[in-house]
Peer 1: 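Next up is a structure, given as structure tokens.
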Amino acid sequence: MSEQASAKAMEFLTKMGVRVRVNTAVKAYDGYEVSLSTGEKLISRSLVWAAGVRGNPVPGFKPEIINKGNRLLVDHFSRVRGYNNVFAMAT
């Protein structure tokens with residue numbers, strides 16, 4: 001994103017009460033607790049993670065649902081192919 005678009009997105013999200021972390025990596029997530037590279041731990045049942053321009057392979061997904069660039073194949077609702085409760089989006 002451009003700096004202008006990033007600033008606008010940050011403003012919009014924070015006005016909605018979203019806590020945004022930048023320059024911070026997710027080290028682990030067990031479906032309840034998020035461990036960040038800063039040492040901070042968050043309790044969350046929902047996690048939206050956006051990073052980089054090329055996806056890293058995610059262990060556990062079948063190779064046939066991963067295309068070029070390590071992107072997961074999704075349906076028109078952004079559900080990962082073969083899963084009803086896993087979503088993936090690219091920006």
Side-chain angles (χ1 to χ4, degrees):
M1 295 176 78
S2 69
E3 285 186 37
Q4 182 181 10
S6 293
K8 196 75 165 168
M10 181 69 80
E11 178 185 348
F12 179 78
L13 290 169
T14 53
K15 280 183 179 178
M16 290 188 340
V18 175
R19 292 182 294 168
V20 179
R21 302 289 191 273
V22 295
N23 301 319
T24 304
V26 172
K27 292 297 195 181
Y29 180 59
D30 62 8
Y32 181 72
E33 183 177 80
V34 184
S35 298
L36 303 177
S37 59
T38 60
E40 184 178 11
K41 294 187 186 288
L42 307 172
I43 304 302
S44 179
R45 298 260 184 213
S46 300
L47 176 67
V48 177
W49 173 31
V53 294
R54 181 183 169 108
N56 289 320
V58 178
F61 284 117
K62 299 173 188 169
E64 58 269 17
I65 65 165
I66 302 171
N67 72 2
K68 292 183 259 174
N70 292 323
R71 291 179 181 237
L72 298 171
L73 299 174
V74 299
D75 65 14
H76 59 281
F77 295 107
S78 296
R79 286 184 300 217
V80 175
R81 190 174 292 170
Y83 297 86
N84 289 326
N85 61 348
V86 178
F87 297 82
M89 292 176 271
T91 56

Peer 1: To the nearest 0.5 Å, what is the distance between CZ on Arg71 and CD1 on Ile65?
Peer 2: 14.5 Å

Peer 1: Do the side chains of Val34 and Val26 get nearer than 4.5 Å, heavy atoms only?
Peer 2: yes

Peer 1: Which ring-ring contact (aromatic ring centres under 6.0 Å, His included) pairs, counting each pair once, include a residue from residues 59-83, with sequence neighbours left out?
Peer 2: Phe61-Tyr83

Peer 1: For the hydrophobic clusters of this structure (ILVMFWY residues joined by side-chain heavy atoms under 4.5 Å, transitively), does one cluster hold both Val86 and Ile66?
Peer 2: yes

Peer 1: Counting C-beta onward and ignoring hydrogens, is there a side-chain heavy-atom pair between Met10 and Val22 closer than 4.5 Å?
Peer 2: yes

Peer 1: Is there side-chain contact between Leu36 and Arg21, with heavy atoms separated by less than 4.5 Å?
Peer 2: yes

Peer 1: Nearest 0.5 Å, please: how far is CD in Glu40 from OG1 in Thr24?
Peer 2: 8.0 Å

Peer 1: Given the rule in the side-chain contact (heavy atoms from CB on, under 4.5 Å) test, do Glu64 and Leu73 qualify, once you have shown the distances and angles that lead to the verdict?
Peer 2: CA-CA 9 Å; Glu64 58 269 17; Leu73 299 174; over 6 Å; no

Peer 1: Can you list the residues that meet the side chain to side chain contact (heavy atoms under 4.5 Å, CB included) rule with Tyr32, with sequence neighbours excluded?
Peer 2: Asp30, Ile43, Arg45

Peer 1: Could you check whether any side-chain heavy atom of Arg79 comes within less than 4.5 Å of a side-chain heavy atom of Asn85, counting everything from C-beta outward?
Peer 2: no

Peer 1: Decide whether Lys27 and Ser35 meet the rule of one side-chain donor and one side-chain acceptor closer than 3.5 Å.
Peer 2: no

Peer 1: If you measure from CG on Asn84 to CG on Asp75, what distance do you get to the nearest 0.5 Å?
Peer 2: 9.0 Å

